[in-house]
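Notes follow once the structure below has been shown.
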Amino acid sequence: MNDRPLIIAGRTHASRLIVGTGKYKTMDLMEAALRASGADMVTVAIRRVNLNDRTADEFWRHLPKNMVILPNTAGCYNAADAVRVSRLAREALDTPLIKLEVLGDPKTLLPDAAGLVEATKILVADGFQVLAYTNDDPILAKRLEDMGVAAVMPLAAPIGSGRGIQNPIHIQFIREAVTTVPVIVDAGVGTASDAAVAMELGVDGVLMNTAIAEAQDPVRMAEAMRLGVEAGRAAFLAGRMPRREYAQASSPLAGTVSAAGPK
């Protein structure tokens, strides 16, 4: 398929699917699902892993070695905590990448826009390559791009809800507004058709965790998500047919037979 590659912070990615590592029943199952997804970037919540000795933590041994690790600030409810966790991640993992989450409250897990802007400003100035998890707000998305983030990551729906794309028009607006860095739909994707819809809107990629980890068969769902992302991207590049109010015959009407004879 003739397509431009997905490039995040100067690195070219073979897959447009980014996956998470939480909620799996076993480490073996997590590893199998990660491999089936075809993803080459995996996000890791810094607060739940051992940063001091990676050889002592079973989690690290189950991450495929070719995957780019994207640490995240999940669980941070203010800018100061997010900045502190980001710096811990950079020191421990030797990467400037950070998926920045500054959450507003534990009930909705929606982003705190003011805290996100504050933390982004600090981290970009400190040399981080920030992938900013944000609301589906085109104005805020554009502001984050102007601040120098490496990717804008609007939510499809609240984290872990599996509701799919709740506001496709705003995702399209974000796609039109953000032109210099990737737009990656993050959070709320529930199944492969949701991933395909997101890609058909023209975004550059999709990030997910719960939809795979909580599936009845996570490995098979990971494969389905890979195919959904690929199908959605292909459909976007192909361009959909126009929507019409009324039916239009698929075959030419010339030569059809009626009681009065051939037309």
Side-chain angles (χ1 to χ4, degrees), residues 1 3 6 8 13-50 54 57-72 74-75 99 101 106 108-109 131 133 153-168 171 182 184-201 203-238:
M1 179 169 59
D3 192 6
L6 171 60
I8 301 174
H13 293 269
S15 172
R16 295 179 181 275
L17 175 60
I18 304 172
V19 290
T21 53
K23 299 185 176 180
Y24 286 96
K25 293 179 180 177
T26 69
M27 290 292 105
D28 287 336
L29 185 59
M30 179 192 76
E31 181 176 351
L34 296 184
R35 294 188 185 280
S37 74
D40 59 6
M41 176 178 273
V42 61
T43 186
V44 175
I46 292 305
R47 60 185 172 81
R48 59 179 284 263
V49 296
N50 185 343
R54 291 171 61 179
D57 193 321
E58 184 186 14
F59 170 82
W60 295 108
R61 295 199 299 273
H62 283 81
L63 288 187
K65 297 188 184 308
N66 61 339
M67 299 188 89
V68 176
I69 296 174
L70 173 63
N72 69 61
K99 181 193 166 193
E101 297 183 20
T108 66
L109 298 180
L131 286 73
Y133 167 65
M153 308 182 81
L155 55 80
I159 291 172
S161 68
R163 292 174 175 271
I165 307 290
Q166 297 297 289
N167 201 339
I171 298 297
I184 299 169
V185 165
D186 180 9
V189 170
T191 189
S193 58
D194 297 335
V197 169
M199 296 304 297
E200 288 175 3
L201 294 172
V203 301
D204 299 287
V206 179
L207 188 152
M208 66 185 67
N209 180 77
T210 305
I212 296 176
E214 291 192 352
Q216 296 296 311
D217 184 341
V219 176
R220 181 167 289 184
M221 182 59 82
E223 182 179 14
M225 291 297 188
R226 174 178 62 78
L227 296 172
V229 167
E230 292 175 357
R233 183 65 179 178
F236 168 73
L237 294 174

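The first residue of the sequence shown is numbered 1, and numbering continues consecutively from there.
- Contact of the Leu207 side chain with the Lys99 side chain is registered, since non-hydrogen atoms from C-beta on lie closer than 4.5 Å.
- Minimum heavy-atom separation, Ile18 to Met41: CG2-O, 3.5 Å.
- Contacts classified as side-chain hydrogen bond (donor to acceptor under 3.5 Å, both in side chains) and involving residues 158-168 (residues at least two apart or in different chains) are given here: Asn167-His170.
- For Thr21 (side chain) and Thr43 (main-chain N/O), a donor-acceptor pair under 3.5 Å exists by modelled atom type.
- Across Ile8 and Ile184, no two heavy atoms sit closer than the pair CD1-CD1, 3.7 Å.
- The two residues Asp28 and His62 come nearest to each other via the heavy atoms OD1-NE2, 2.9 Å.
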In a table with atom names and distances, give each donor-acceptor pair under 3.5 Å that connects a side chain of residues 193-201 to protein atoms at least two apart or in another chain.
residue, atom, partner, partner atom, Å
Asp194, OD2, Gly190, N, 2.8
Asp194, OD2, Thr191, N, 3.1

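- For Asn209, there are no side chain to side chain donor-acceptor pair (under 3.5 Å) partners two or more places apart in sequence or in a different chain.
- The distance from the CZ atom of Arg61 to the CD atom of Glu58 is 5.5 Å, given to the nearest 0.5 Å.
- What you find for Met67 and Val19 is that their closest heavy atoms are CE-CG2, 4.1 Å.
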Below 3.5 Å, can you tabulate the donor-acceptor pairs from side chains in residues 210-223 to any protein atom, sequence neighbours excluded?
residue, atom, partner, partner atom, Å
Thr210, OG1, Lys23, NZ, 3.2
Asp217, OD1, Val219, N, 3.3
Asp217, OD1, Arg220, N, 3.1

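- The closest side-chain heavy-atom distance from Asn72 to Tyr133 is not below 4.5 Å.
- Under the side chain to side chain donor-acceptor pair (under 3.5 Å) criterion, Asp204 pairs with Arg4, Arg175, sequence neighbours left out.
- Between Arg16 and Val203, the closest side-chain pair of non-hydrogen atoms is not below 4.5 Å.
- At least one donor-acceptor pair closer than 3.5 Å links the side chain of Asp40 to the backbone N or O of Ala14.
- When all heavy atoms of Ser37 and Leu17 are compared, the closest pair comes out as O-CD2, 3.7 Å.
- Contact between Leu34 and Pro64 at its shortest, heavy atoms only, is CD1-CD, 3.9 Å.
- Within the model, atoms CG of Leu70 and CG of Leu131 stand 5.5 Å from one another, a figure rounded to the nearest 0.5 Å.
- Put simply, the side chain of Val44 reaches to within 4.5 Å of the side chain of Leu63, judged on heavy atoms.
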